[in-house]
There are 2 protein chains.
Amino acid sequence: MSLWSRTRNAVYGEITRTSMELFLTRGFDATTIDDIAAAAGISRRSFFRYFGTKEDVVLGDLATRGDLIRQALEARPDGEDPWDALCAALHSVKDAAYGSDEEMLAVFKMVHQTPSLRARSIEKHLQWQAMLTPEIRRRLGADPSDPLDVRAEALVASVLTCLDVAGEAWGRADGKVPLEDLFDAAAAAVHGGSS
Amino acid sequence: MSLWSRTRNAVYGEITRTSMELFLTRGFDATTIDDIAAAAGISRRSFFRYFGTKEDVVLGDLATRGDLIRQALEARPDGEDPWDALCAALHSVKDAAYGSDEEMLAVFKMVHQTPSLRARSIEKHLQWQAMLTPEIRRRLGADPSDPLDVRAEALVASVLTCLDVAGEAWGRADGKVPLEDLFDAAAAAVHGGSS
DNA sequence: TGACCATCTGGCACTCGGTGTCAATGAGGC
DNA sequence: GCCTCATTGACACCGAGTGCCAGATGGTCA
């Protein structure tokens with residue numbers, strides 16, 4: 001690994017750490033890009049060379065996690081009910097990207113309380129949806145070129161919606177109940193006959 | 001009705017008409033507020049006195065429609081299955097806010113293709129979710145102060161997600177299939193044992 | 001009719017997020 | 001040492017959105 005890559009990774013981490021600290025103390029909207037740049041010791045312009053938007057600092061690695069979920073889904077047994085397979089795939093991808101539970105909780109609260117972050121978060125879920133739908137279509141035996149077969153999209157989108165609802169409730173409850181339990185309860189309420 | 005209200009309504013309609021025409025021809029992102037203001041014969045500043053954001057011109061009346069859906073939901077029989085009641089409430093609120101089907105289709109496509117519009121649209125759905133959840137909680141007999149009971153939120157959010165999926169498919173299919181049919185198919189795929 | 005108040009309006013300056021450009025700097029390979 | 005290329009900071013620019021203020025206009029009361 002060249003020096004360029006190393007310094008780039010270091011700066012990347014420095015921006016992330018500095019930004020999150022500012023976000024969690026001052027609040028997301030109250031923190032400007034200039035604040036971050038000054039605190040991280042870089043120029044305003046360079047910030048945008050590492051992150052496309054301010055929201056990407058918080059939600060940047062969500063795209064990566066979507067790929068993990070897709071892999072987990074494809075690893076599920078072929079005959080399994082698609083809904084159950086989706087739930088299992090989500091279960092198997094624990095959030096290992098956070099330093100501590102308190103930090104993860106604080107981030108969750110911030111995302112769900114900040115409109116722009118909430119919107120971006122849902123956009124990321126739409127990306128996940130696009131990543132997971134083909135596999136569900138295959139399992140359903142749906143014609144890949146039929147734009148009118150909405151079953152796969154509906155299943156994937158609803159499971160992700162359950163995850164979103166569970167995440168919001170988890171934040172409201174200050175993490176006192178495991179996120180997985182909330183997700184299971186949400187999924188069971190929507191899709192009656194499964195775990 | 002005073003002259004103030006009448007002129008205000010007139011200006012409101014003029015901005016809406018002019019904006020939509022520009023959006024549908026040039027595209028949403030390619031149309032600036034200055035373009036709209038110039039075409040509508042008002043000042044840039046006045047535009048923001050009628051609409052909080054550019055997206056509100058397209059999605060402004062969605063909040064109103066959410067209230068209609070809530071009323072339709074509350075009018076459903078008390079013993080009805082919550083999921084079916086939600087679906088029926090959505091069915092009963094047809095989109096009467098569009099001049100023609102082609103225009104409605106064009107607006108749908110624009111919303112689903114423009115990230116900022118898509119995000120705002122989802123935010124509006126979150127508002128609907130907040131409006132509809134209390135009634136579903138009541139029907140489920142859930143404790144209103146229990147933040148851990150996610151069943152109602154999950155049901156409402158999933159139904160709205162099905163509507164979103166159906167809307168997207170409807171746009172992809174150029175409106176060749178009734179939106180209601182797509183919604184029913186999506187809802188049936190998610191919530192197995194109902195129409 | 002004239003005075004008075006509320007409302008609406010346009011114009012200006014400003015903040016903030018995000019982008020294009022360009023010259024300077026420093027690492028990597030020859 | 002030299003050439004190339006990625007990275008950087010600085011500057012200018014754009015568009016969305018807000019705060020402020022002076023002026024115009026409608027509504028109301030005397």
Side-chain angles (χ1 to χ4, degrees), chain A residues 1-16 18-20 22-23 25-60 110-111 114-121 123-124, chain B residues 1-16 18-20 22-23 25-60 63 110-111 114-124:
Chain A
M1 179 171 293
S2 66
L3 181 57
W4 276 345
S5 305
R6 268 185 288 129
T7 54
R8 184 163 184 90
N9 284 345
V11 174
Y12 192 90
E14 177 64 22
I15 296 176
T16 304
T18 309
S19 300
M20 292 307 287
L22 289 175
F23 290 159
T25 53
R26 298 186 199 177
F28 184 80
D29 288 327
T31 305
T32 69
I33 308 283
D34 291 289
D35 295 337
I36 299 173
I42 58 171
S43 73
R44 194 181 124 75
R45 192 66 185 86
S46 279
F47 173 88
F48 287 107
R49 293 200 175 92
Y50 286 88
F51 295 94
T53 68
K54 200 167 75 164
E55 288 83 11
D56 278 349
V57 179
V58 183
L59 305 170
M110 185 173 70
V111 170
T114 309
S116 64
L117 271 176
R118 186 78 197 268
R120 291 272 181 179
S121 164
E123 278 186 65
K124 297 287 181 179
Chain B
M1 178 171 295
S2 65
L3 181 57
W4 274 345
S5 304
R6 269 186 288 128
T7 54
R8 184 165 182 88
N9 284 347
V11 174
Y12 192 89
E14 176 64 23
I15 296 177
T16 305
T18 309
S19 300
M20 292 307 288
L22 288 175
F23 290 158
T25 52
R26 298 187 199 176
F28 183 81
D29 287 328
T31 304
T32 69
I33 308 283
D34 292 288
D35 295 337
I36 299 173
I42 58 171
S43 72
R44 193 182 125 74
R45 193 65 187 84
S46 279
F47 173 88
F48 286 108
R49 292 200 177 91
Y50 286 88
F51 295 95
T53 68
K54 199 168 76 165
E55 288 83 10
D56 278 348
V57 179
V58 183
L59 306 171
M110 185 173 69
V111 169
T114 310
S116 64
L117 272 177
R118 187 79 198 268
R120 290 272 181 180
S121 164
I122 294 174
E123 280 186 62
K124 298 286 182 180

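Residue numbers begin at 1 in each chain, while the letters A, B, ... track the order of the sequences.
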In whole angstrom, what separates [X]'s [atom1] from [N]'s [atom2]?
{"X": "E55(A)", "N": "dG18(C)", "atom1": "CD", "atom2": "C1'", "value": "11 Å"}
{"X": "I15(A)", "N": "dT7(D)", "atom1": "CD1", "atom2": "P", "value": "13 Å"}
{"X": "N9(A)", "N": "dT7(D)", "atom1": "CG", "atom2": "C1'", "value": "14 Å"}
{"X": "E14(B)", "N": "dC8(C)", "atom1": "CD", "atom2": "P", "value": "18 Å"}
{"X": "R49(B)", "N": "dT18(D)", "atom1": "CZ", "atom2": "P", "value": "12 Å"}
{"X": "K54(B)", "N": "dG17(C)", "atom1": "NZ", "atom2": "P", "value": "18 Å"}
{"X": "D56(A)", "N": "dG17(C)", "atom1": "CG", "atom2": "C1'", "value": "13 Å"}
{"X": "D29(B)", "N": "dA16(D)", "atom1": "CG", "atom2": "C1'", "value": "12 Å"}

For DNA chain D, determine which residues of residues 31-47 of chain A have any heavy atom closer than 4.0 angstrom to one of its atoms, and list them numerically.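 Close to the strand are I42(A), S43(A), R45(A), S46(A).
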Any side-chain N or O of Y50(B) less than 4.0 Å from the OP1 or OP2 oxygen of dC8(C)?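 For Y50(B), the contact criterion (side-chain N or O under 4.0 Å from OP1 or OP2 of dC8(C)) is not met.
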Apply side chain to side chain contact (heavy atoms under 4.5 Å, CB included) to the pair S46(B) and R49(B), showing each step before the final yes or no. CA-CA 5 Å; S46(B) 279; R49(B) 292 200 177 91; 3.6 Å; yes
Grab the two heavy atoms, one from L59(A) and one from R120(A), that are nearest each other, plus how far apart they are.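 L59(A) and R120(A) have their closest heavy atoms at CD1-CB, 3.5 Å.
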Return the minimal non-hydrogen interatomic distance between T18(B) and A40(B), and the atom names on each side.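 Minimum heavy-atom separation between T18(B) and A40(B): CG2-N, 4.0 Å.
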Going by the side chain to side chain contact (heavy atoms under 4.5 Å, CB included) test, name the single residue among D56(A), V57(A), V11(A), T16(A) that passes it with Y50(A).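 Among D56(A), V57(A), V11(A), T16(A), the one that satisfies the side chain to side chain contact (heavy atoms under 4.5 Å, CB included) with Y50(A) is V11(A).
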Contact between R45(A) and F48(A) at the side-chain level, heavy atoms closer than 4.5 Å - yes or no?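 The answer is yes; the side chains approach within 4.5 Å.
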Considering only heavy atoms from C-beta outward, does the side chain of I36(B) approach that of F23(B) to under 4.5 Å?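 I36(B) reaches F23(B) side chain to side chain.
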Between N9(A) (side chain) and R6(A) (backbone), is there a donor-acceptor pair under 3.5 Å?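 Checked: no pair found.
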Under a 3.5 Å distance rule, please check whether T25(B) uses its side chain to pair with a backbone N or O of L22(B) as donor and acceptor.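 A pair under 3.5 Å: yes.
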Could you measure the distance from the CZ atom of F47(B) to the CG atom of D35(B)? Nearest 0.5 Å is fine.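 Going from the CZ atom of F47(B) to the CG atom of D35(B) covers 11.0 Å.
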For nucleotides 25-30 of chain C, just jot down a letter per nucleotide in 5' to 3' order: B, S or -, based on protein non-hydrogen atoms under 4.0 Å. -BBS--
Which is true for T7(A) with a 4.0 Å heavy-atom rule: it touches a base, it touches only sugar-phosphate, or it touches nothing?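 Answer is nothing: T7(A) stays at 4.0 Å or more from every strand.
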Using the closest heavy atom to pick a nucleotide of DNA chain D for each, name whichever of V11(A) or F48(B) lands nearer the 5' end.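 It is V11(A) whose nearest nucleotide is closer to the 5' end.
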